[in-house]
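The structure appears right after this line, and notes come after that.
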Amino acid sequence: MRVPEDLRYSREHEWVRLEGDGKARVGITDYAQSELGDVVYVELPEVGRHLEAGEALGVVESVKSVSDVYSPLSGRVLEVNGALAESPEKVNQDPYGEGWMIRLEPDDPAEAEKLLDAAGYRALVEAEGGS
Amino acid sequence: MSPSPDRPEEAGAAAAEGQASEGARNGVRGPDGLLRTPLHDLERELGARMGEFAGWELPIQFSGILEEHRAVRRAAGLFDVSHMGKIAVRGREAAALLDYAATNDVARAEVGQAVYTPFCRADGGVIDDAVLYRRGEGSFLVVVNAANREKDLRHLAQLAEGFEAEVEDQTGRWGQIAVQGPEAEAILEELSEAPLHAVGSYRFLDGATVAGVSALVSRTGYTGEDGFELYADAGLVERLARAVLEAGRARGLVPAGLGARDTLRFEACLPLYGQELGEAINPLEARLGRFVKFEKGDFLGRQALERVRQEGPRRHLVGFRMVGRGIARHGYEVFRDGERAGFVTSGSYAPALDANLGLALLEGEAPLPGERLEVAIRGRRVEAEVVKLPFYRRAKAAGRGG
């Protein structure tokens with residue numbers, strides 16, 4: 001299971017990357033994609049929508065399951081990963097890269113400090129029985 | 001990978017390396033309270049992701065549902081289906097009893113023939129669907145859904161009071177595997193001298209030797225592919241499964257789990273009890289009319305089903321393809337001309353067809369291909385289109401019957 005050091009994590013298995021321009025990119029973790037199995041459908045929000053931290057930003061469906069994806073930060077949706085409509089398997093193949101889901105304009109970038117760091121997220125996953 | 005060290009004492013008899021273990025049973029309860037099949041240790045060793053199904057701990061997937069699904073369509077897959085209920089019905093009137101319980105014609109089945117049938121209630125609702133193996137004039141093995149085993153046992157035992165026949169649960173003594181896919185026959189023929197190529201669809205060999213293990217081998221399955229199911233002593237089925245994995249590797253066989261079993265049966269439009277079938281659904285609604293034989297003698301549900309036949313079914317099982325984005329799932333509502341007309345019985349991404357498909361039980365006139373429907377997905381109505389069934393039908397090999 002990969003848990004990159006430079007990201008922040010939610011307890012619901014989303015990651016956030018704060019980018020140099022003050023914007024944030026969001027996706028689901030390697031552990032989450034592995035637990036879901038083959039992702040076959042991703043539903044993402046409309047660009048321009050405002051999300052509260054903890055609000056469902058969309059849905060990810062594997063062959064057998066339907067799961068909400070929650071926004072780890074409050075902010076406005078700047079961009080969604082349109083490639084996932086045709087290639088949802090990118091979420092499995094490259095969860096921290098091409099499998100990203102949305103780009104946000106955070107209301108308060110400092111909100112990310114409330115999220116878990118890599119060590120904290122690793123501990124959470126181990127407590128859930130993953131490895 | 002190594003076998004799980006925390007094996008319970010009960011199941012500890014199932015020795016490593018596939019050695020036959022005296023008295024190994026199917027359905028031993030693990031520490032989590034779930035029933036385990038004799039292939040539990042092998043599945044852990046193969047890296048299965050296990051899950052609960054009908055009180056059993058079973059492999060949901062190994063390498064991944066999509067990969068396993070495609071391997072079965074292209075080559076072959078090995079499934080553990082030991083959880084299926086196995087009920088022996090024996091006695092002078094065993095055939096008469098089952099012919100009364102079943103809607104299909106059981107009395108006329110030959111020894112060595114298997115029969116797929118619904119069992120109905122008097123009102124036509126489906127108690128279960130089963131495969132009946134006629135092992136002798138007065139000897140049948142009835143293979144039922146795991147979730148319905150106890151209900152079926154009570155039902156058959158109650159009916160048996162009126163017949164000279166005995167009903168016995170044999171689930172514990174059998175292991176059951178399915179070898180499915182276009183390479184299944186070639187793989188099994190490498191392991192057996194028995195003339196498997198000559199076994200027709202829904203026919204079986206009783207006591208064929210495969211990999212040194214005596215098995216009941218039938219040309220049956222639940223994937224829409226050619227293939228076999230093998231029933232062997234619970235203590236010997238691991239040896240059999242290991243031999244199939246070994247012999248099958250070069251031909252592309254993979255271990256496959258319940259996840260792929262469900263997507264495969266879904267593409268082939270084979271009904272799943274609890275979804276396409278249930279006590280509130282009759283077999284004529286579920287497109288199983290060819291398994292209801294009105295020309296045979298009396299059977300449970302006959303009057304009710306004759307009425308349905310005369311009046312026409314109130315509901316129809318239809319197939320649809322999503323036109324808008326989204327995946328229809330079991331239980332989602334379906335609309336015709338803006339009116340709620342029924343619900344999705346099964347829906348999924350269909351891996352071999354690369355489409356989002358569904359089956360729905362709809363009221364009103366039988367829908368025709370091309371009719372537009374709407375499926376309610378998370379509060380939105382998403383467009384779908386009626387398509388012909390089955391979604392997937394394999395190309396039959398030349399020269400093979402049935």
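It should be emphasised that the depicted structure is a prediction, and the values quoted were computed from it without experimental measurement. Just so we're on the same page: letters track the sequence lines, and every chain starts at 1.
For B:Phe335, the side-chain contact (heavy atoms from CB on, under 4.5 Å) partners are B:Glu333, B:Arg340, B:Glu374, B:Ala376, B:Arg381, not counting sequence neighbours. Under the side-chain hydrogen bond (donor to acceptor under 3.5 Å, both in side chains) criterion, B:Tyr222 pairs with no residue, sequence neighbours left out. Scored by the side-chain contact (heavy atoms from CB on, under 4.5 Å) test, B:Pro59 finds B:Glu43, B:Ala48, B:Met50, B:Phe62 as partners (sequence neighbours excluded).
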Cross-chain donor-acceptor list, chain B x chain A, under 3.5 angstrom:
| from | atom 1 | to | atom 2 | distance (Å) |
| --- | --- | --- | --- | --- |
| B:Arg49 | NH1 | A:Ser34 | O | 2.8 |
| B:Arg49 | NH1 | A:Glu35 | O | 3.0 |
| B:Arg49 | NH2 | A:Ser34 | O | 2.8 |
| B:Ile65 | N | A:Asp38 | OD2 | 3.2 |
| B:Leu66 | N | A:Asp38 | OD2 | 2.9 |
| B:Asp262 | OD2 | A:Lys64 | NZ | 2.9 |
| B:Arg325 | NH2 | A:Val42 | O | 3.2 |
| B:Arg329 | NE | A:Glu61 | OE1 | 3.0 |
| B:Arg329 | NH1 | A:Val63 | O | 2.9 |
| B:Arg329 | NH2 | A:Glu61 | OE1 | 2.8 |
| B:Arg329 | NH2 | A:Ser62 | O | 2.8 |
| B:Arg378 | NH1 | A:Glu61 | OE2 | 3.1 |
| B:Arg378 | NH2 | A:Glu43 | OE1 | 3.1 |
| B:Arg378 | NH2 | A:Glu61 | OE2 | 3.2 |
| B:Arg380 | NH2 | A:Glu43 | OE1 | 3.0 |

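With respect to B:Ile327, the side-chain contact (heavy atoms from CB on, under 4.5 Å) criterion is satisfied by exactly one of A:Val63, A:Val40, A:Val66: A:Val40.
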